[in-house]
Amino acid sequence: MKILKFGGTSISDATGIIRCTRIIQSQKAQIIVCSAFSGITDALINAGLSAASGISDFRQLSQAIVKRHEKAVNDLLITQNTLLLDQINEIHREMEQLLEGVYLLREFSPRTRDLIVSFGEKITARLLVLFLNSQHIPAEFCDSYHLIYTNEVFGQAKIDTERSSKAIKEHFSKIDQSVTIIPGFTGRTENGVITTLGRGGSDLTATYIGAVLEADEIQIWTDVNGFMSADPNKVKEAFSLSMISYDEALELSYFGAKVLLPHSIRPAKEKGVPIVIKNTFDPSFAGTICSAKTTPLKHFAKGITSIDRISLINIKGSGMIGVRGISARIFRTLADQDINVILISQASSEQSVCVAVEPKATLKACKSLKETFQLEMMSKMIDEIGVEENLSIIAVVGDRMKNTPGVAGRIFNAFGENGVNVIAIAQGASELNISIVISKEDEERALNSLHNAFFTQKRILNLIIAGKGLIGSELIEQIKYSRESFQKSNGVELRVISVLDSKNMIFHPHGIDLSNWKKPLGQSHTPSDIRRLLTFIEENNLINTVFIDCTASEQIADHYLTLMKNRISIVAANKIANTKPMSDYKRLKKTAAEYKVHFLYETNAGAGLPIIDTIRNLRDSGDEIIKFEAILSGTISFIFNSMNENAPFSETVKRAKDLGYTEPDPRVDLSGTDFARKILLLVRESGVSMEIEDIAIERLIPTRCFQAEKQEDLYLFLKEQDNRYAQWIKKASQKNAIIRCIGKYEGGKASISLLEINQDHPFYSLQGTDHIIAIYTRRYTNPLVIKGAGAGAEVTAGGVMSDIFRIATAMNKRWDY
Ligand code: ADP
Ligand code: ASP
Ligand code: MG
């Protein structure tokens, strides 16, 4: 025998009733328990509350309820069964009269409330009978009033098992072939007063009747594919669990998996009746079988759940250390007040105990605890009984967590990486769950990061690329070609979720097609807007996200702090942010550390050459940068490497420009500003505070060159310098020396100047547009030299790639223990 329960999510209108009817037929079900249409219970409560507060709009609210039911009747075209239709109208009338009574008396006691909400399920059950009969399926309505006896705790009544089981057995002993339709959720006291079994109570009606009748199976039909590894509405990657033990289901539902009411599991467990959770909207999907068995999963955990809106009461005091019975007294006090303790956690030092309760119980809990511990508070054994509100509990549940070391570590790592602050932690004695109290606002991030840490085999690094110029385009090409091999070797998928240019952006949470991004970007009407991007990221619960700035835009650089605060790492090819005043530079570093995000910018000096990383590694290993010399401008490098007696200065500048080595206006390079920015950053990375104005720049060209309005004039002015350079080169060569434009840092001072160097100098052999740096440290008294191609889209994009790989590798490390 099969008993089926349809939740409100399955029935919310005529279509729902038709859908459920098909399932009843295909399952050959004998007993059906149904909920109210989705939202009706809340609507009834709201109408009652309005009436009780004297707000006359309760009449509109109740009218809306009547209309929804009438619409379903009309849509189902069932008008022939006048008896049932009359009954439905009669329930509506009774409901309206009762609400008028509530309005007059301004009283909405739990008892009245139970009576009013009971109408929701009663109507659905009658509607279902009506429709089944209209389809010539024999079906009968059976009021739970005749089956479920309870105590008198209105709103949360307990089933009187003796009476109820007798009534159920008696009723079903004489049932024929027809389908019995029972309204869920409601019961009655011994004296015939209507009660309810608590929100979501139809699950219990079904499992209880199923258990008493020792059904072959209890099916719970809802709107998701069974019990899932997390709430699919909060975690997009959640997957369905095919098999789950009663105990696992209990822990998961206790900690928020609403798909099954926690109390509904016990009756089925006691009788060993399997509960199958199925999806009304996808009936062929197998769903979840909840029984005594569980599957040996490859994952440590079975599911991750959350309860939002809880409060934490902290009882603190150094006098509590070693004193017996404090926890027992806390429990007793709260139990006496009928307060449900969701979680209790004690610091191992025993200096504090915290108890999680529902927000509505907070005041009462605090007051009663203060009374209980009045003496201890007076004698300062207990210093404080305080409350923290707006919290959530996250629970990681699973049979395999028993005796598995490292589970807590994995949780903390995931939280640490995603900036979720842990307020309290508790492990159930069953070791079936670890529960963590966090701030409510962190809930979705916490769920997603844990889900990622425990279940997602494919680790994803989400990339946002700003700038579609040479570097941005080249970077996308490099990602396209290297991501498969990177995933094979590192297990991390690089997924470009957004590309933005100065006007518009494209966004796809599952990844943009890297072979075809230019056209969609060109056609996009979504303006580039960081706020909008952040909303996309939040809506899609994306974690492990990196923003890659391949622009030279100050506006984009100004968003770094906001991005970091939203837990987005930054890889910057753009130098602007790092070369703003020292206070800005420090703030960026501090924010990145505070929000635990990466901030990498290897290409800010020397493109793909590992200069910044080397300086950082040297310092991290305890070394100290004493001095460095560098040529970090491809243009300047080329000009001085190519200039000789036959190649005068002005012609060499022109050649550099023709070869595309300079900015469109070569003066931008010749002014030395860009070079100075790189030197400034390296000085800062060496641990020294410095501003751009502190760098002494020797001009390569006189002021009047900067005043030239036309390019031809500029070359005429540059020509005037040819002689000076030629003379100097000649004089130097007599001493076997050459002239180079070198950036230098030593003893707190930095400069860019033209220097004569001889064969012993590491820069003597520099060629073409290559960059070079010689770093002198306490350990490296002979300098450590890094040399190579330091400009060009390809090497720069390569440098950006290595920053991305660094982040992916760091992300990977979190998993390897
Ligand atoms: P019904 O109306 O069928 O009783 P509920 O709304 O009470 O449905 O329960 C189903 C909902 O439970 C789902 O829509 C889903 O959002 C939520 N839920 C929370 N956690 C889980 C989980 N771990 N697995 C499946 N569903 C979950
Ligand atoms: N209709 C009730 C509620 O919304 C009972 C249920 O759906 O199980 O809580
Ligand atoms: Mg439910």
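For ligands, and for the atoms within them, numbers begin at 1 and follow the listed sequence. All residue numbers in this chain count up from 1 along the given sequence.
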key: Which segment of Arg199 sits under 4.0 Å of ligand 1 when only heavy atoms are counted   = neither
ask   = Do Arg93 and Glu96 meet the salt-bridge criterion of a basic N to acidic O distance under 4.0 Å?
value = no
query = For ligand 2, which atoms, with element, lie under 4.0 Å from some heavy atom of Arg199?
reply = 3 (C), 4 (O), 9 (O)
task = Can you sort out which atoms of ligand 1 are near Gly226, meaning under 4.0 Å from one of its heavy atoms?
result = 24 (N), 25 (C)
request  = Look at ligand 2 and say whether Gly8 reaches it with a heavy atom at a distance under 4.0 Å.
outcome  = no
query = Is there at least one pair of N or O atoms, one from Ala257 and one from ligand 1, spaced under 3.5 Å apart?
reply = no
task = For Gly200, take its heavy atoms, then give the atoms of ligand 2 lying under 4.0 Å from any of them.
result = 3 (C), 5 (C), 6 (C), 8 (O), 9 (O)
key: For ligand 1, the portion of Val224 having any non-hydrogen atom under 4.0 Å away   = side chain
task = For Gly8, take its heavy atoms, then give the atoms of ligand 1 lying under 4.0 Å from any of them.
result = 2 (O)
ask   = To the nearest 0.1 Å, how far is atom 10 (C) of ligand 1 from its closest protein heavy atom, and which atom is that?
value = Thr222 OG1, 3.5 Å
task = Starting from atom 6 (C) of ligand 2, find the nearest protein heavy-atom neighbour and note its residue, name and distance.
result = Ser202 OG, 3.4 Å
message = Would Ser10 count as a polar contact of ligand 1, with the cut-off being nitrogen or oxygen pairs under 3.5 Å?
response = no
ask   = Regarding Glu443 and Ser306, is there a side-chain donor-to-acceptor distance under 3.5 Å anywhere?
value = yes
query = Could a heavy atom of Ser35 be found less than 4.0 Å from some atom of ligand 1?
reply = no
key: Closest protein heavy atom (residue, atom, distance) for atom 15 (C) of ligand 1   = Asp231 OD1, 3.4 Å
request  = Classify the side-chain pair Ser118/Thr186 by whether it contains a donor and acceptor separated by less than 3.5 Å.
outcome  = no
message = Closer than 4.0 Å to some heavy atom of Ser35 - which atoms of ligand 2 meet that?
response = 6 (C), 7 (O), 8 (O)
query = Could you go step by step and tell me if Gln27 and Gln25 meet the side chain to side chain donor-acceptor pair (under 3.5 Å) rule?
reply = CA-CA 5 Å; Gln27 291 289 330; Gln25 277 183 297; over 6 Å; no
key: Of Thr196, Asp114, Thr195, the residue whose pairing with Thr150 passes side-chain hydrogen bond (donor to acceptor under 3.5 Å, both in side chains)   = Thr195
inquiry  = Please check this pair: side chain of Asn448 against backbone of Glu444, looking for a donor-acceptor N/O pair closer than 3.5 Å.
reply    = yes
ask   = Which residue and non-hydrogen atom of the protein lie closest to atom 16 (O) of ligand 1, and at what distance in Å?
value = Asn233 ND2, 2.6 Å
request  = Could you pull out, from Lys5, Lys258, Met228, Lys234, the option with a heavy atom nearest to atom 6 (O) of ligand 1?
outcome  = Lys258
message = Among Asn74, Ile123, Ile91, Asn89, exactly one meets side chain to side chain contact (heavy atoms under 4.5 Å, CB included) together with His69. Which residue is that?
response = Ile123
Within-shell test, Gly7 vs ligand 2, heavy atom, strictly < 4.0 Å = no
key: Geometric N/O contact Asp203 with ligand 1, under 3.5 angstrom   = no
query = Taking distance alone, with no angle check, do Glu121 and ligand 2 share an N/O pair under 3.5 Å?
reply = yes
key: Distance-only donor-acceptor check, side chains Thr205 and Ser202, under 3.5 Å   = no
ask   = Would you call Lys166 and Glu162 a salt bridge, using N to O less than 4.0 angstrom?
value = no
task = Output all residues satisfying ring pair (Phe, Tyr, Trp, His ring centres under 6.0 Å) with Phe415, sequence neighbours left out; order by chain, then residue number.
result = none
Heavy atom of Lys302, distance to ligand 1 below 4.0 Å = no
request  = Validate the cation-pi geometry between Arg266 and Tyr246: distance from NZ or CZ to the six-membered ring centre under 6.0 Å, angle to the ring axis within 45°.
outcome  = no
key: Closest protein heavy atom (residue, atom, distance) for atom 1 (N) of ligand 2   = Thr41 OG1, 2.7 Å
query = Can you tell me the protein heavy atom closest to atom 11 (C) of ligand 1 and the distance?
reply = Asp223 OD1, 4.0 Å
query = Quick one: nearest non-hydrogen protein atom to atom 1 (P) of ligand 1, plus distance?
reply = Thr9 OG1, 3.4 Å
remark   = For Glu190, the salt bridge (Lys or Arg N to Asp or Glu O under 4.0 Å) test, sequence neighbours excluded, returns Arg163
task = Find out whether the Lys NZ or Arg CZ of Arg68 is both under 6.0 angstrom from the six-membered ring centre of Phe37 and within 45° of the ring's axis.
result = no
ask   = Are Ser245 and Asp247 close enough that a side-chain donor and a side-chain acceptor fall under 3.5 Å?
value = no
